[in-house]
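Just follow the structure's listing: the first ligand is 1, and inside any ligand the first atom is 1. These numbers come from the heavy atoms of this one structure, side chains and all, not from hydrogens, waters or symmetry mates. Here the structure is a predicted model, which is why all the values come from computation and not from measurement.
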Amino acid sequence: MRKPVSRVLVINDEILILREFVKGLNAAARSLDNPLGLVFLGMTTASEALARIESDGDVQAAIVDDKLYSLDGGKSKKLQMTAVELVQRITRLRPEIDVYILIAQEQEDEVVDTLFAEAVDGYFYREERDYRGMYRIVNAEIQERARTPFYDQLKNYVWMAKDSWHTPGHSSGESLRGSPWINDFYEFIGEHIFDVDLSVSVPVLDSLLEPRGVIAEAQGMAAKAFGSRRTFFATNGTSTANKVIFQTLLAPGEKLLLDRHCHKSVHYGVVLSGAHPVYLNSSVNRKYGLYGPAPKQAILEAIEANPDAEALILTSCTYDGLRYDLPPIVEAAHAKGIKVIIDEAWYGFARFHPAFRPTALEAGADYATQSTHKVMSAFSQASMIHVNDPTFNEHIFRENFNMHTSTSPQYAMIASLDVARKQMMMEGYKLLARTLALAAELRDQINSTGVFRVLELDELLPEEVRDDGIRLDPTKVTVDISRCGYTVEDLQRELFTRFNIQVEKSTFNTVTLLLTIGTTRSKVSRLYDALMRIAREGRAARRLVQFPDVPEFTRLRCLPRDAYYCGGEAVPLLDEKDNLNEGLIERVCADQIVPYPPGIPVLVPGQVITRPILDFLVGSLRSQKRLELHGIVYDGYVPCLRVLKAGEEQGLKRLG
Ligand SMILES: Cc1ncc(COP(=O)(O)O)c(C=O)c1O
C-alpha cells in the first residue's frame, strides 16, 4: 500500500533560525510516530512558500513566522507581506491546509488579535524551540483532517464479527455464501460489501435519520471541508436532495424562481412541494444543441418582478461545464429575501482548487446540492446537501429529509462520502491540478487530429449569455464531431466496440468527455489514439445537424402539483390521418414531457399546450435520431399526452 507524504512548510527569513527549526522538527518526526509521513521544509520568502503551496499538492500545513511579515508594515525587511496577508493568500489558494504562526511571547496579544479573524489554526512561541511539542500538534491536526469517523467505526465493527440477529436478511452475506445458486454474486461483488451492509439496529454506527454519533461527526467534518455551516449526507442522490430543500423552503403555492433547464428532479420537486414555479427562459446553443444557463438579465428581472418568491434555484455548473457569475445574482436575490439554492451536482470538487472557485457557498448561496458520486470518490447515489442559510429551519428540514430517506440506508454509501471528503481534504488540490493538466493535454491532442475539435467557452456560450461573466469548467470537454464522417451514434458505437471507450453524453453534433480525479494519462492517450485513428480514416465530413428549435415555455394554467394529481385523460398526439391532433391545443398537460437527450422538459404539469409544442413533439417522434420522450403515455401503439379533463380544469385554482 502506498504511504502518504505530508509536507509542512516553515517560513522564516532568518536562515540560521530556519535551519535549526527544520532540523529540530524533522528530528522529532523521525523519532516519534509518523504515520502520515510528515516532512518539514524551510522557505525563506513568502513568494517561495506560496509558489510551493501552489505547485505541491502534498503540502498539508505551513508554519509562518510573524516577525517576517511585521504587522506595523514599517520596517519590513526583504519581504513585503504581512502575516495576515500571507495567511489570507494561503487560505485563498488552499483553504483546507493548516496554518500556524510563530510568535514572540511578548507580542502575543497584538498578533493573536490581528490574526484572530483569519483561518489560523494555532500559535507557537518562537523562543521555546519545543520541536517535539510542535510536531505533535501539527501531526495531530493533519491526522484530525484525515479522520473518517463513520468509515473507521464501520470497519471496526466488521472486524468485531458480531453475530447478526438483525436486518439485512443476508446476514453479512451468509445467505449467499453457502448458496449454490447465487454464491457467484457474492464472489463477484466481494465479501466486504455484504459485511458493511448493516442497519440502524447497530447503535455504534449511528442513524442517518437522527445522527448523533459517528455520522454526525462525519457530516461535521464534511461541513468544515466544504465550507458550510451544516452538511447532510444524502443516500438517494442530488435528485432527492433538491426535493428535500424545496419541501423545506416552499409551502404549496409559494413562488420558486427556476431555470427551465434545471434537472428533472427540480421539476419533480415543484410537483411534490406544490410550489408556484416562475420559469426563467434559459439560453440554448442551437448550433451544437447545448442547453445554456439563464441570462443574467432574465434572472435579475425575475427577482425584481417576484419579490414575494421564497427561493431561486440555478444549476452551476451545467452538464457541459458552464458556470454562472454567482455573486451578483445571490446579492440581488438576498436583497429581496429570496433564498438561493445552487444545484452543484457536477461541481462538488470546486472547493479544492482555486481554478474552480468561487463555489456556490463561497458566492453566498444558502444551499448547495452536490452529487459527490458524479465527480469524487463516492458510490453512486451518494450526495451531500450543504447549508449556509442563516435562518435554516432544521426541524422542518429533518422532517423532509426523513420523508425521502429510506430507514435502511446503504452504509457503504455513507462510508464512501466520509472517505471522499477525506480524499478531497488531503489530496484534492493535487488530484485536481493533475486533472486540469490532463484536460489541457487532451484538448491539444483532440485538436491536433485536425478532424475533432474541442469547443471552447466562446463557442459553447449561447448568444444571450455572452456578456454574463460565465466561465467554463475545463474538466468537461465538449467535442465537435461533425467533421469525422460518423453520426454521433455511430461514433459512440465505434469508440465503444472498437476502442473500449464510453463517453459521458452526446448531442447531435458533439460528445462530452468528463475528466475526473480518476482520469489517468493512459486513459487520455487511449482516447487520443482512438480519435486519431478515426480521423485518419478520412471520411467525408457531414453538415452540422440542425438542432430542432425548442418551443417557448408557455403559461401555467394551474399549479403543477394540482395538475399532476388530477386523473386526466390520455389524448392521442396524432389524429386518424396521422396529422398533429389539433384537439390538444389549449389543453392543460398533466405530466412532465421531457425529450432525452438532453432531459429538459418541454411541458410541465399545469402548462398550456400550444401548436409549436405539439410540432416539436411530433417532429421528435418522427425523427430518425434516437430520442426518448419521457412522459408520453402509450395507448397500445398510440402516443398520447395525459391532459386535464374539462371538469378537472374548472375545479382548480387558475393561475392565468
Ligand atoms: C444538474 C443535475 N442535478 C441533479 C442531478 C441528479 O443527481 P443524482 O444523479 O445524484 O440524483 C443531475 C443528474 O444528472 C443533474 O445533472
Side-chain angles (χ1 to χ4, degrees), residues 222 226 231-247 256 258-273 277 279-280 282-284 290-294 311-324 326 340-350 356 359-360 365 367-386 400-401 404-406 409-410 412-414 416-417 420-421 460 470 472-473 475-476 478 502-507 512-514 516 592 594-601 604 628 630:
F226 287 86
T231 287
F232 299 86
F233 290 170
T235 51
N236 197 15
T238 300
S239 302
T240 292
N242 287 335
K243 290 171 200 151
V244 169
I245 297 175
F246 283 6
Q247 286 187 218
L256 169 72
L258 73 161
D259 178 351
R260 173 192 176 178
H261 294 171
C262 279
H263 183 252
K264 61 187 190 169
S265 61
V266 167
H267 297 279
Y268 285 131
V270 168
V271 170
L272 284 178
S273 63
Y279 296 101
L280 305 161
S282 314
S283 58
V284 181
L290 301 168
Y291 284 75
L312 160 72
I313 180 163
L314 300 171
T315 310
S316 190
C317 64
T318 63
Y319 207 175
D320 308 294
L322 298 178
R323 64 181 169 109
Y324 285 93
L326 284 174
V340 179
I341 310 161
I342 302 298
D343 181 335
E344 282 191 318
W346 295 100
Y347 210 50
F349 54 78
F356 301 104
T359 64
Y367 297 85
T369 52
Q370 298 175 344
S371 298
T372 319
H373 66 95
K374 286 194 198 297
V375 286
M376 289 172 269
S377 299
F379 284 135
S380 284
Q381 293 191 26
S383 285
M384 293 193 197
I385 302 174
H386 302 295
N400 286 305
F401 183 93
H404 285 277
T405 303
S406 166
Q410 259 286 352
M413 210 190 288
I414 302 171
S416 77
L417 284 167
R421 182 272 311 151
L460 289 169
I470 284 165
L472 174 65
D473 166 3
T475 66
K476 279 112 187 154
T478 299
Q502 176 63 58
V503 302
E504 172 62 30
K505 72 149 182 129
S506 62
T507 66
T512 299
L513 308 160
L514 182 68
T516 69
Q592 180 169 303
V594 188
Y596 188 89
I600 311 292
V604 294
E628 297 164 26
H630 300 170

Original post:
Does ligand 1 have an atom under 4.0 Å from some heavy atom of Q381?
Top reply: no
[atom] [closest protein heavy-atom partner, distance rounded to 0.1 Å]:
{"atom": "atom 8 (P) of ligand 1", "value": "T238 N, 3.4 Å"}
{"atom": "atom 13 (C) of ligand 1", "value": "K374 NZ, 2.9 Å"}
{"atom": "atom 3 (N) of ligand 1", "value": "D343 OD2, 2.6 Å"}

Original post:
If you measure from each non-hydrogen atom of W346 to ligand 1, which part falls under 4.0 Å: side chain, backbone, both or neither?
Top reply: side chain
Subject >> ligand 1 contact on H373 by region, counting heavy-atom pairs under 4.0 Å >> reply: side chain
**OP:** Would you kindly check if the NZ (Lys) or CZ (Arg) of K505 is within the cone defined by 45 degrees around the ring axis of Y319 and under 6.0 Å from the six-membered ring centre?
**Re:** yes
Should you measure from each heavy atom of [X], which atoms of ligand 1 turn up under 4.0 Å away?
{"X": "S371", "value": "7 (O), 8 (P), 10 (O)"}
{"X": "T315", "value": "1 (C)"}
{"X": "S383", "value": "10 (O)"}

Original post:
Do S383 side-chain atoms and T238 backbone N/O form a donor-acceptor pair below 3.5 Å?
Top reply: yes
**OP:** Report yes or no: does T318 contribute a side-chain atom to a donor-acceptor pair with the main-chain N or O of S316 at less than 3.5 Å?
**Re:** no
Subject >> For T315, the option from L258, L322, D343, T369 that meets side chain to side chain contact (heavy atoms under 4.5 Å, CB included) >> reply: D343
Original post:
Going by the angle between their ring planes, with limits at 30° and 60°, are F401 and F232 parallel, tilted or perpendicular?
Top reply: tilted
Original post:
How are the rings of Y291 and H261 set to each other: parallel, tilted or perpendicular (split at 30° and 60°)?
Top reply: perpendicular
Subject >> Option of least heavy-atom distance to atom 15 (C) of ligand 1 (set: Q370, E344, H263) >> reply: H263
Original post:
Where the closest heavy atom to atom 6 (C) of ligand 1 is concerned, which of A241, S239, A345 has it?
Top reply: S239
Subject >> ring pair (Phe, Tyr, Trp, His ring centres under 6.0 Å) evaluation trace for F379 with H373 >> reply: CA-CA 5 Å; F379 284 135; H373 66 95; over 10 Å; no
Subject >> Side chain to side chain, L460 and T478, heavy atoms closer than 4.5 Å >> reply: yes
